[in-house]
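The model shown is predicted, which means the values in this text are computed figures rather than measured ones.
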Amino acid sequence: MFASFSAGPARGRGPARLAAGALVTGLVATAVLAGAGTAAAADEGTAPDHSGAAATIGGLKTYGAAVIRGAAGDQQVSAGLFEMSVEGGGMLQTYCVDIQTPTQKDAKYHETAWSGTSLGTNEDAGRIRWILRNSYPQVNDLAALAKKAGVRGRLTEQDAAAGTQVAIWRYSDDVSVDAVDPQAEQLADYLQKNARDQAEPKASLALDPPAVSGRPGERIGPVTVRTDARSVTVSPPADATTTGVRIVDEDGEPVTTATDGSRIFFEVPEDAAADTAELTAQASTTVPVGRAFVSESRSQTQILAGSSESTVSATASATWALKGAIPALSARENCAEVGVDVTVANQDDEPFTFEVAGEEHTVAGGESRTVTVPLSEDRPYDFTVTGPNGFEQRFTGMLDCLTRAAEIGTTTHTLTGPSPTPLTDTPTDTNLAETGSSSATPWIAGTAIALVVLGGAGLVITRRRNTPSDD
């Protein structure tokens with residue numbers, strides 16, 4: 001059963017500040033530490049830590065028509081709810097928050113914090129969440145919704161979805177957009193006028209921090225579980241039976257399940273050689289309404305409108321060595337600074353000096369330091385943190401902090417839909433295959449080439465932000 005929603009803001013469209021505040025899922029630094037000191041990590045780079053839900057988009061399922069008003073003329077587009085199938089089981093319903101970016105067919109998405117998207121520095125992001133919680137499908141009594149919104153006439157599911165999407169676009173993309181159907185337009189106006197700020201929802205599941213380090217013979221951690229799930233299954237490293245690494249609580253008791261706030265540790269045998277191990281946490285829960293979902297294929301960003309009971313997961317790693325510095329590295333995108341924050345925690349008594357992006361930095365023993373690596377918007381990145389004794393940790397991904405509307409203006413593009421419909425005084429009742437409208441062939445070709453270059457590289461960033469209770 002899908003969760004419930006909220007209403008939206010007034011007709012005066014305030015600009016959406018989409019500059020950037022992207023929080024990337026903390027990437028686990030899988031550095032392998034060799035004998036005498038800090039050693040080199042595998043050269044293939046850090047695997048993305050997709051904490052939370054991962055899903056494949058199935059397309060636009062419940063929708064109506066909308067009109068984007070622009071200097072080049074009016075364009076009719078589809079507006080409404082997408083459906084996603086969750087890896088491991090479950091279904092999600094989402095609206096889009098980047099009207100100008102195409103939706104790629106069968107694109108893979110993962111849950112992330114607002115700061116991992118254009119919502120990160122959008123001052124109206126909280127109003128979007130209110131719209132989600134006070135409208136369809138969170139409110140599925142359409143007669144009651146129509147009465148509350150002052151809608152004249154019958155409000156269908158298609159009208160409700162279209163009106164909700166239009167209200168969201170007015171805040172997420174700062175575009176002039178109207179619903180074609182009068183009932184949908186009345187709902188959109190009501191939602192926009194009445195929306196108020198609400199806090200960002202917490203992650204469905206996260207492990208904090210995603211990387212820890214220490215000495216063999218001790219409990220390395222803690223790693224704290226953050227979730228709304230009733231119970232979380234904790235799985236030890238795949239080779240735990242041969243390495244002797246155990247996942248335990250503060251008293252040294254084995255841990256197989258956990259709850260929100262549980263503190264868990266890696267217990268490493270005293271004679272263990274320098275190495276790295278990873279645990280996995282998994283749960284079944286409803287993903288909080290308002291969580292953002294981003295794709296690694298530059299498919300338009302989505303925001304959660306409803307969730308069935310779904311599978312969510314997260315990982316954390318521990319690194320240990322007999323002597324020398326034992327750094328634990330994690331990373332997150334920081335769109336406010338247009339870059340990636342790399343955090344290095346040093347568990348040794350001695351300072352650890354590392355180099356990244358041509359600059360050298362030192363972390364005192366027992367402390368941590370965060371360095372921002374400046375990057376370019378909408379371009380893949382690939383950089384390596386290096387240290388003494390051959391230490392290396394590579395990070396790859398793509399910084400995507402702006403909506404396409406903020407980048408290029410009001411020209412709408414959708415790869416999967418037909419060409420936009422120019423409108424006269426009376427819009428035609430045409431529904432497109434996806435939200436937004438398709439562009440000219442050269443733009444499509446350019447996007448396809450870019451996607452081939454980007455491939456599957458994606459830095460997923462997971463961040464948990466404490467969420468005050470909503471009214």
Side-chain angles (χ1 to χ4, degrees), residues 2-18 60 62-69 75-82 93-100 114 117-119 122-142 144-153 155-198 200 289-290 292 300-306 403 405 410 412 427 435-436 470:
F2 289 98
S4 300
F5 291 21
S6 297
R11 195 54 181 250
R13 299 165 174 70
R17 284 70 170 177
L18 302 176
L60 197 59
T62 306
Y63 58 93
V67 179
I68 301 174
R69 313 292 184 187
Q75 292 179 320
Q76 184 166 306
V77 298
S78 294
L81 273 171
F82 289 86
Q93 290 180 308
T94 61
Y95 289 104
C96 105
V97 289
D98 190 353
I99 190 174
Q100 314 290 8
W114 286 353
T117 72
S118 59
L119 297 170
N122 182 347
E123 294 178 359
D124 292 324
R127 295 177 185 269
I128 294 173
R129 190 186 184 209
W130 188 91
I131 292 172
L132 293 169
R133 297 187 65 183
N134 288 274
S135 191
Y136 182 76
Q138 288 298 304
V139 178
N140 55 20
D141 184 340
L142 298 185
L145 178 61
K147 182 177 180 180
K148 188 171 184 180
V151 174
R152 296 177 297 278
L155 185 68
T156 67
E157 290 184 344
Q158 291 74 22
D159 293 338
T164 305
Q165 177 65 90
V166 166
I168 289 171
W169 277 336
R170 291 172 182 173
Y171 279 133
S172 66
D173 290 73
D174 190 28
V175 291
S176 177
V177 58
D178 301 305
V180 170
D181 185 271
Q183 284 74 34
E185 175 66 7
Q186 291 163 22
L187 175 63
D189 288 346
Y190 162 78
L191 295 173
Q192 184 186 13
K193 180 179 179 180
N194 288 277
R196 62 183 184 274
D197 191 51
Q198 288 195 340
E200 178 181 5
V289 170
Q300 63 185 178
T301 300
Q302 305 283 315
I303 191 165
L304 188 74
T403 63
T410 58
T412 305
T435 56
D470 294 315

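Between atom CZ of residue F82 and atom CD of residue Q93 there is a gap of 12.5 Å, rounded to the nearest 0.5 Å. Going from atom CD1 of I168 over to atom CD of Q165 covers 5.5 Å, rounded to the nearest 0.5 Å. Rounding to the nearest 0.5 angstrom, the gap separating the OH atom in Y95 from the OG1 atom in T164 is 4.0 Å. The CZ atom of R129 lies 16.0 Å from the CG atom of D124; values are rounded to the nearest 0.5 Å. Once rounded to the nearest 0.5 Å, the distance linking CG of D159 with OG1 of T62 reads 11.5 Å. Taking CD1 of I99 as the start and OG1 of T301 as the end, the distance is 13.0 Å to the nearest 0.5 Å.
Smallest separation of non-hydrogen atoms from P137 and L81: CD-CD1, 3.9 Å. Counting all heavy atoms, side chain and backbone alike, D98 lies closest to Q300 at O-NE2, 3.1 Å. Shortest non-hydrogen contact noted between V139 and L142 is O-CD2, 4.3 Å. Of all the heavy atoms in D197 and G126, the pair that sits closest is OD1-CA, 3.1 Å. Smallest separation of non-hydrogen atoms from V166 and A188: CG1-CB, 3.8 Å. Closest non-hydrogen pair, A292 versus W114, comes out as CB-CD1, 4.1 Å.
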Exercise for review: Could you give me the CA-CA distance, side-chain angles and deciding distance for V97 and T117, then say whether side chain to side chain contact (heavy atoms under 4.5 Å, CB included) is met?
Suggested key: CA-CA 9 Å; V97 289; T117 72; 5.8 Å; no
Check your understanding: Passes side chain to side chain contact (heavy atoms under 4.5 Å, CB included), I128 versus R170? Steps please.
Key -> CA-CA 9 Å; I128 294 173; R170 291 172 182 173; over 6 Å; no
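Considering only heavy atoms from C-beta on, T403 stays 4.5 Å or farther from Q100 through its side chain. L187 has its side chain out of reach of K148: every pair of non-hydrogen atoms, C-beta onward, lies at least 4.5 Å apart. V151 has its side chain out of reach of Y190: every pair of non-hydrogen atoms, C-beta onward, lies at least 4.5 Å apart. Using a 4.5 Å heavy-atom cutoff, the side chains of Q183 and T156 are not in contact.
Of the possible donor and acceptor atoms, one in the side chain of Q186 sits under 3.5 Å from a partner among the backbone N and O of R152.
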